[in-house]
Engineer: 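Got a structure for you, written out below as structure tokens; questions coming shortly.
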Amino acid sequence: MVKARLILVLGDQLCADISSLRIAEKERDVVIMAEVMAEATYVSHHPQKIALVLAAMRKFAVALREDGWTVAYSKLDDEANTGSIPGEIVRHASEFEADEIIATTPGEWRLIAALNDLPLVVRQLPDDRFVTSPKEFANWAEGRKELRMEWFYRQVRRKTGLLMEGNAPAGGKWNYDSQNRKPVPEDARPPKPPGFQPDAVVGDVLDLVEDRFAEHFGELYPFKFATDREQALEVLDHFITHTLARFGDYQDAMVAGEPWLWHAVISPYLNIGLLQSMEVCRRAEEAWRAGVAPLNAVEGLIRQIIGWREYVRGIYFFEGPDYTSRNALDHSRPLPAFFWGDETHMSCVSEVVGQTRNHAYAHHIQRLMITGNFALLAGLDPGAVHHWYLSVYVDAFEWVEAPNTIGMSQYADGGVVASKPYVSSGNYISKMSDYCTGCHYDVRAKTGARACPFNLLYWHFIERNRDRFQHNPRMAVIYRGWDKRDAGQRKAVLGDATDWLGRLESGETV
Ligand code: FAD
Ligand code: DLZ
Ligand code: SF4
């Protein structure tokens with residue numbers, strides 16, 4: 001008799017066309033899907049993230065059964081549940097007398113190693129939901145002095161033919177980013193992404209998550225995420241029809257009380273398999289060709305998806321498992337309690353953390369230029385910062401989160417991803433947001449009790465990293481400007497920064 005094989009489908013592989021399912025045989029094989037405590041707690045994920053993954057897993061399992069598959073599904077509170085993916089594989093292998101496990105390679109080194117360590121035959125197939133493979137990235141990266149995203153992106157544009165006119169980029173330019181930095185006009189009304197009322201499956205999962213993960217940071221309710229492909233397609237349709245046209249213009253803007261602005265809010269669905277990157281890009285390109293959205297918006301979106309998203313995945317697998325423990329700037333300060341919702345006088349940080357707690361979402365510039373910028377300026381331990389980002393966002397999976405945090409945001413990889421650190425004083429935040437209005441601190445003040453901490457810490461960062469950055473061609477001008485300042489003024493700024501960091505360390509509300 002031909003033995004059954006186990007087909008593993010993880011919580012972020014919920015796609016009918018995933019490579020493991022493509023080679024499986026309905027009559028012979030058993031699909032295994034397992035809700036396990038180990039995955040829900042290896043970092044303290046936001047309750048909405050756990051709810052999204054579990055609800056989407058349950059609905060996907062139903063769809064597979066309706067399609068004729070045999071699915072062995074472990075619920076989190078099943079008595080026999082061993083609590084881990086390897087444990088559930090071993091348990092089901094014995095139950096079904098399976099002699100081979102077929103998986104699509106997980107998006108995290110931790111799980112790849114766990115599958116390799118199993119005392120069973122395990123085949124890990126490439127995850128070909130991406131436009132480029134780790135091997136292709138390695139071929140591109142090998143021998144290059146710098147792994148800049150822009151060059152990689154152009155190669156992927158050529159490969160996919162997206163926004164190409166023959167060999168040339170549509171409109172004559174590869175990148176329209178310079179048009180994508182507008183402040184939001186006061187009377188503009190951003191369209192909200194669609195929200196979904198919990199159905200019975202989602203309701204059960206919400207009860208479970210409320211019961212088991214109440215101590216995790218973040219509000220569970222209201223839970224409005226899409227949890228199946230049909231709903232995710234509705235989010236995509238809404239974005240293409242109502243939001244995309246302005247996506248580019250206000251991509252970098254931040255407005256208090258408006259978490260989503262003109263962002264797509266599709267990363268959770270792309271990352272767990274409910275949407276595919278090429279279908280999103282093709283829809284966006286069609287919208288441009290039909291005159292529904294301008295080129296700066298469509299190119300901006302496509303660059304994020306086939307540029308940044310593919311690039312960070314390439315970096316994650318190219319750089320290897322030690323990437324998440326890199327700490328090029330030797331930062332070690334623990335994460336302040338206000339990252340977990342304690343009070344801070346900094347309106348910008350308070351706004352972004354509050355929004356993160358309520359929605360498990362912040363858009364890119366909020367992650368990079370508010371919380372990330374603060375963490376880098378204040379010298380927070382990049383490992384702790386990485387764990388924070390991996391925990392608190394609904395779209396956080398290590399392959400995408402780590403290069404964004406360790407690389408782009410914290411410069412902890414020593415410049416593999418970013419050619420210079422993403423740091424700014426309060427001036428940038430004041431220009432791109434309305435957060436400074438009504439803040440306890442004064443964004444124009446460079447010294448003194450009310451000086452914006454971003455102003456103080458910016459120069460502290462610049463000064464303490466002089467040896468590393470003063471000859472960086474993109475930063476030399478900053479050092480020249482700083483060195484021209486009056487020595488007394490420089491001393492006052494650095495003294496105030498040190499005092500402020502002292503207050504932060506002592507646990508004072510800052
Ligand atoms: P939009 O702004 O509407 O962009 C559209 C899509 O482009 C996104 O859905 C996403 O798939 C893709 N994209 C945009 N920027 C990036 C990027 N830098 N890297 C990869 N894909 C990108 N994104 C995640 O998906 N998961 C993470 O865990 C994650 N962690 C981050 C941590 C830090 C410190 C920073 C600075 C960025 C992080 N990002 C992460 C990238 C980005 O912030 C999110 O992809 C984006 O905010 C998701 O919201 P959206 O769908 O509304 O995006
Ligand atoms: C994020 C997550 C959570 C919270 N729970 C599960 C789970 O119970 N079962 C599962 O198969 N996957 C889960 N996931 C997604 C995995 O953590 C993800 O597959 C790995 O991090 C690799 O990207
Ligand atoms: Fe943030 Fe400084 Fe503006 Fe306050 S003044 S919101 S701390 S940038």
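Whatever order the structure lists them in is the order used to number ligands and atoms, beginning at 1.
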Engineer: Which atom pair, heavy atoms only, marks the closest approach of D252 to R181?
Structural biologist: OD2-CG, 3.6 Å

Engineer: Evaluating non-hydrogen atoms only, which member of M149, R313, H263 is closest to atom 1 (P) of ligand 1?
Structural biologist: H263

Engineer: Is it the case that ligand 2 has an N or O less than 3.5 angstrom from some N or O of E39?
Structural biologist: yes

Engineer: Salt-bridged, R110 to E398, with N to O below 4.0 Å?
Structural biologist: no

Engineer: Do D12 and N271 have a side chain donor and acceptor closer than 3.5 Å?
Structural biologist: no

Engineer: Give yes if a backbone or side-chain nitrogen or oxygen of H45 is under 3.5 Å from a nitrogen or oxygen of ligand 2, and no if not.
Structural biologist: no

Engineer: If I compare all heavy atoms of C452 with all of V443, which pair ends up nearest, and what's the gap?
Structural biologist: CB-CA, 3.8 Å

Engineer: Any side-chain donor paired with an acceptor under 3.5 Å for Y422 and N373?
Structural biologist: no

Engineer: What residue and atom, counting heavy atoms only, is the protein's closest point to atom 21 (O) of ligand 2, and at what distance?
Structural biologist: E108 OE1, 2.9 Å

Engineer: Walk me through it: do W308 and H364 pass the test ring-ring contact (aromatic ring centres under 6.0 Å, His included)?
Structural biologist: CA-CA 12 Å; W308 279 111; H364 185 70; 7.4 Å; no

Engineer: What's the shortest distance from atom 15 (C) of ligand 2 to any protein heavy atom, and which residue and atom give it?
Structural biologist: F397 CE2, 4.1 Å

Engineer: Which atoms form the tightest heavy-atom contact between V209 and I50, and what is the distance?
Structural biologist: CG2-CG2, 4.0 Å

Engineer: So is there a nitrogen or oxygen of A40 less than 3.5 Å from a nitrogen or oxygen in ligand 2?
Structural biologist: no

Engineer: Note the single closest protein heavy atom to atom 3 (O) of ligand 1, along with its residue, its atom name and the distance in Å.
Structural biologist: A264 N, 2.7 Å

Engineer: Nearest protein heavy atom to atom 16 (C) of ligand 1, by residue and atom, and its distance?
Structural biologist: W308 CB, 4.0 Å

Engineer: Looking at atom 8 (C) of ligand 1, what's its closest protein heavy atom, distance included?
Structural biologist: S267 CB, 4.1 Å

Engineer: List the atom of S391, the atom of S44, and the distance in Å for their closest heavy-atom pair.
Structural biologist: CB-O, 3.4 Å

Engineer: Measure the distance from atom 27 (C) of ligand 1 to every protein heavy atom, then report the residue, atom name and distance (to 0.1 Å) of the closest one.
Structural biologist: D395 OD1, 3.4 Å

Engineer: Hey, what's the ring geometry for F374 with F339, parallel, tilted or perpendicular (30° and 60° as the breaks)?
Structural biologist: tilted

Engineer: Salt bridge check, D249 against K182: does any charged N sit closer than 4.0 Å to a carboxylate O?
Structural biologist: yes

Engineer: Go through ligand 1 atom by atom and flag the ones less than 4.0 Å from a non-hydrogen atom of N271.
Structural biologist: 24 (C), 25 (O), 26 (N)

Engineer: What atoms of ligand 1 come within less than 4.0 Å of a heavy atom belonging to R309?
Structural biologist: 11 (O), 20 (C), 21 (N)

Engineer: Of the protein's non-hydrogen atoms, which lies at the shortest distance from atom 14 (C) of ligand 1, and what is that distance?
Structural biologist: Q304 CB, 3.4 Å

Engineer: Below 4.0 Å from any atom of ligand 2, is there a heavy atom belonging to Y42?
Structural biologist: yes

Engineer: Any idea which part of M57 is under 4.0 Å from ligand 2, heavy-atom wise: side chain, backbone, both or neither?
Structural biologist: side chain

Engineer: Between D77 and K75 (salt bridge meaning N to carboxylate O under 4.0 Å), is one present in this structure?
Structural biologist: no

Engineer: Can you tell me the protein heavy atom closest to atom 19 (N) of ligand 1 and the distance?
Structural biologist: N404 ND2, 3.1 Å

Engineer: Just to confirm my output: which protein heavy-atom neighbour is closest to atom 14 (N) of ligand 2, and how far is it?
Structural biologist: V53 CG1, 3.8 Å

Engineer: Relative to the heavy atoms of I305, which atoms of ligand 1 are at a distance of less than 4.0 Å?
Structural biologist: 6 (C), 7 (O)

Engineer: Is R282 atom CZ crowded by more than 12 heavy atoms from other residues, nucleotides or ligands, each under 6.0 Å away?
Structural biologist: no

Engineer: Which of the numbered atoms in ligand 2 are under 4.0 angstrom from any heavy atom belonging to L54?
Structural biologist: 8 (O)

Engineer: Over 60° means perpendicular and under 30° means parallel, so tell me whether H242 and H238 are parallel, tilted or perpendicular.
Structural biologist: tilted

Engineer: With respect to D395, which candidate in K49, R367, R309 satisfies the salt bridge (charged side-chain N to carboxylate O under 4.0 Å, His left out) definition?
Structural biologist: R367

Engineer: Please report whether ligand 2 has a polar contact with P106, defined as an N or O pair separated by less than 3.5 Å (distance criterion only).
Structural biologist: no

Engineer: For ligand 1, is there an atom lying under 4.0 Å from some heavy atom of A362?
Structural biologist: yes

Engineer: Check ligand 1 against H363 and write out every atom of the ligand that is under 4.0 Å from a heavy-atom position of the residue.
Structural biologist: 47 (O)

Engineer: Any nitrogen or oxygen of D12, main chain or side chain, under 3.5 Å from a nitrogen or oxygen of ligand 2?
Structural biologist: yes

Engineer: Which residues and atoms, protein N, O or S only, are under 2.8 Å from atom 3 (Fe) of ligand 3?
Structural biologist: C436 SG

Engineer: Of F247, F239, Y389, Y361, which has the heavy atom at the shortest distance from atom 49 (O) of ligand 1?
Structural biologist: Y361

Engineer: Looking at ligand 1, does any of its N/O atoms fall within less than 3.5 Å of an N/O of M408?
Structural biologist: no

Engineer: So if I count the atoms of ligand 2 from 1 in the order they appear, which ones are less than 4.0 Å from some heavy atom of A34?
Structural biologist: 7 (C), 8 (O), 9 (N), 10 (C), 11 (O)

Engineer: What I want to check is whether the side chains of Y361 and Q48 have a donor and an acceptor closer together than 3.5 Å.
Structural biologist: no

Engineer: Hydrogens and angles aside, do T405 and E401 bring a side-chain donor and acceptor to less than 3.5 Å of each other?
Structural biologist: yes

Engineer: What protein heavy atom sits nearest atom 30 (N) of ligand 1, and how far away is it?
Structural biologist: R367 NH1, 3.5 Å

Engineer: Under a 4.0 Å threshold between the charged nitrogen and the carboxylate oxygen, would R283 count as salt-bridged to D237?
Structural biologist: yes

Engineer: Given that the side chain starts at C-beta and the backbone is N, CA, C, O, which of these parts of I85 lies under 4.0 Å from ligand 2, counting heavy atoms, or is it both or neither?
Structural biologist: side chain

Engineer: Considering non-hydrogen atoms of the protein only, which is the closest contact for atom 8 (O) of ligand 2, and what is the distance?
Structural biologist: V36 N, 2.9 Å

Engineer: Give a yes or no on this: more than 12 heavy atoms of other residues, nucleotides or ligands lie within 6.0 Å of atom CZ of R148.
Structural biologist: yes

Engineer: Short list, please: which atoms of ligand 2 are under 4.0 Å from a heavy atom of L111?
Structural biologist: 20 (C)

Engineer: Yes or no: does E398 have any heavy atom under 4.0 Å from an atom of ligand 2?
Structural biologist: no

Engineer: Do T371 and Y389 have side-chain N/O donor and acceptor atoms under 3.5 Å apart?
Structural biologist: yes

Engineer: Find all atoms of ligand 2 within a distance of less than 4.0 Å from any non-hydrogen atom belonging to E35, and give their numbers and elements.
Structural biologist: 8 (O)

Engineer: Is the NZ atom of K420 crowded by more than 12 outside heavy atoms at less than 6.0 Å?
Structural biologist: yes

Engineer: Taking 4.0 angstrom as the limit and counting only heavy atoms of L368, give me the atoms of ligand 1 inside it, by number and element.
Structural biologist: 36 (C)

Engineer: Within a distance under 4.0 Å of any heavy atom of L301, pick out the atoms of ligand 1 and give their elements.
Structural biologist: 5 (C)

Engineer: With a 6.0 Å cut-off (strictly less than), is the heavy-atom count around CG of D442, excluding the residue itself, greater than 12?
Structural biologist: yes

Engineer: So if I count the atoms of ligand 2 from 1 in the order they appear, which ones are less than 4.0 Å from some heavy atom of G11?
Structural biologist: 10 (C), 11 (O), 12 (N)

Engineer: Using ring pair (Phe, Tyr, Trp, His ring centres under 6.0 Å) as the criterion, point out the one residue from F317, Y316, W399, F152 that pairs with F137.
Structural biologist: F152

Engineer: Which residue owns the protein heavy atom closest to atom 47 (O) of ligand 1, what's the atom, and how far is it?
Structural biologist: H364 N, 3.4 Å

Engineer: Is the shortest N/O to N/O distance between V312 and ligand 1 below 3.5 Å?
Structural biologist: no

